[in-house]
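These notes concern the structure reproduced below.
Counting starts at 1 for both ligands and their atoms, in listed order. If you read the sequence from its start, that first residue is 1, and numbering goes on from there. Bear in mind the structure is a predicted one, so any value in this text is a computation, not a measurement.
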Amino acid sequence: MKTLVFATNNKHKLDEVRKIASDLVNIVSLEEIGCHDDIPETSDTLEGNALQKALYIKEHYGFDCFADDTGLEVEALDNAPGVYSARYAGPGHDSEANMTKLLKEMDNIENRKARFRTAIALILNGKEHLFEGIVNGRITKEKRGTSGFGYDPIFVPDNYTQTFAEMGNDIKNTISHRAEAVKKLSAFLSTLSE
Ligand code: ITT
């Protein structure tokens, strides 16, 4: 089985991706390679940030690896917060504050359509590869549910009535933006000969 470092400091992402891809990839965390760096994310696109994170690990630690950058794109807000989702309410990466700000911005907005978009960058054998996953849905009027992380309590995927935070990780991990991107990554890895 292929072994890859997952360049994330987000334990929820690590947990999700390990559950989705455990039969195809052996995933090593940053902690396990002794990396506690604040990896720069200075691009203005998800793809750019995902590549930046993966390349940082390759350059500084030498491992083949992949990274995920994810944004919540709200149609009525011209796709904001998008690539700035983590810092929407300020530099503190505070999910509660981010959700509160978004609900306030959308107070009088009828169009609640939104999507999560994940870009995964893979660095393997000196080459870069990108994979995308999208889930469409809508923003609720209030926070609901306690599982998941980030904006999960205010996002209801299409064809569901519960938020990601209400439905629990088992369902989220079969339909999410990240699940779609990871399945594409896994499919690509399974085409490679060992
Ligand atoms: P790494 O860069 O270390 O991977 P991060 O938490 O900074 O971790 P992102 O920049 O990709 O990751 O996240 C952007 C924001 O979107 C951040 O506020 C997350 O909490 C949120 N987010 C990412 N994936 C999410 C998901 O599956 N459900 C809800 N919110 C999510």
Side-chain angles (χ1 to χ4, degrees), residues 4-20 27-31 33 35-57 65-74 79-103 114-122 130-140 143-157 160 162-183 185:
L4 287 172
V5 172
F6 182 14
T8 183
N9 282 310
N10 183 325
K11 290 200 167 22
H12 298 281
K13 281 189 189 177
L14 181 66
D15 191 40
E16 284 188 7
V17 174
R18 275 194 166 139
K19 284 195 176 117
I20 298 163
I27 294 170
V28 176
S29 68
L30 291 183
E31 201 166 14
I33 62 165
C35 170
H36 302 281
D37 307 355
D38 190 11
I39 303 171
E41 285 181 60
T42 54
S43 173
D44 57 5
T45 64
L46 298 176
E47 287 76 8
N49 276 338
L51 268 174
Q52 194 178 12
K53 289 187 263 191
L55 284 168
Y56 179 95
I57 294 304
C65 70
F66 67 98
D68 154 325
D69 205 54
T70 296
L72 177 61
E73 301 177 340
V74 179
N79 288 336
V83 71
Y84 305 108
S85 293
R87 292 157 280 159
Y88 190 48
H93 290 223
D94 179 341
S95 291
E96 283 299 321
N98 287 339
M99 286 189 288
T100 300
K101 178 172 174 185
L102 187 59
L103 291 178
R115 63 183 199 170
F116 274 113
R117 195 162 74 82
T118 289
I120 287 182
L122 168 71
L130 284 169
F131 307 93
E132 184 186 56
I134 290 174
V135 63
N136 291 301
R138 62 186 194 280
I139 302 298
T140 54
K143 299 170 193 168
R144 298 192 331 236
T146 52
S147 80
F149 69 100
Y151 294 88
D152 282 345
I154 61 168
F155 182 85
V156 175
Y160 289 80
Q162 293 181 309
T163 65
F164 268 159
E166 288 176 308
M167 67 179 57
N169 280 333
D170 286 350
I171 302 176
K172 180 187 174 191
N173 285 342
T174 62
I175 63 170
S176 79
H177 45 299
R178 183 161 298 104
E180 192 190 18
V182 171
K183 281 175 202 155
L185 167 71

Q) Does D152 have any salt bridge (Lys or Arg N to Asp or Glu O under 4.0 Å) partners at least two apart in sequence or in another chain, and if so, which? A) K172

Q | Partner residues of E73 under the side-chain contact (heavy atoms from CB on, under 4.5 Å) criterion, sequence neighbours left out | A |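 Once residues adjacent in sequence are excluded, the partners of E73 under the side-chain contact (heavy atoms from CB on, under 4.5 Å) criterion are L46, N79, R115, R117.
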
I'd like a table of the close N/O pairs between ligand 1 and the protein (anything under 3.5 Å), one pair per line with both atom names and the distance.
from, atom 1, to, atom 2, distance (Å)
ligand 1, 2 (O), E41, OE2, 3.0
ligand 1, 2 (O), K53, NZ, 2.7
ligand 1, 3 (O), T8, OG1, 3.4
ligand 1, 3 (O), N9, N, 2.8
ligand 1, 4 (O), T8, OG1, 2.6
ligand 1, 4 (O), K13, NZ, 2.8
ligand 1, 6 (O), N10, ND2, 2.9
ligand 1, 10 (O), E41, OE1, 3.4
ligand 1, 10 (O), D69, OD1, 3.3
ligand 1, 11 (O), K13, NZ, 2.7
ligand 1, 11 (O), D69, OD1, 3.4
ligand 1, 11 (O), T70, N, 2.9
ligand 1, 12 (O), K13, NZ, 2.9
ligand 1, 24 (N), R178, NH2, 2.8
ligand 1, 27 (O), K172, NZ, 2.7
ligand 1, 27 (O), H177, NE2, 2.8
ligand 1, 27 (O), R178, NH1, 2.9
ligand 1, 28 (N), D152, OD1, 2.7
ligand 1, 28 (N), K172, NZ, 3.3
ligand 1, 30 (N), Y151, N, 3.0

Q: Please report the C-alpha distance between K19 and D15 in whole Å, then the side-chain angles of each, then the deciding distance to 0.1 Å, and finally whether the salt bridge (Lys or Arg N to Asp or Glu O under 4.0 Å) criterion is met.
A: CA-CA 6 Å; K19 284 195 176 117; D15 191 40; 3.3 Å; yes

Q. Between the side chains of E180 and T118, is a donor N or O closer than 3.5 angstrom to an acceptor N or O?
A. no

Q: Would you please name every residue forming a side-chain hydrogen bond (donor to acceptor under 3.5 Å, both in side chains) with T146, sequence neighbours left out?
A: none

Q. When the ring planes of F6 and F66 are compared, do they come out parallel, tilted or perpendicular, using 30° and 60° as the limits?
A.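 Answer is parallel, since the angle falls under 30°.
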
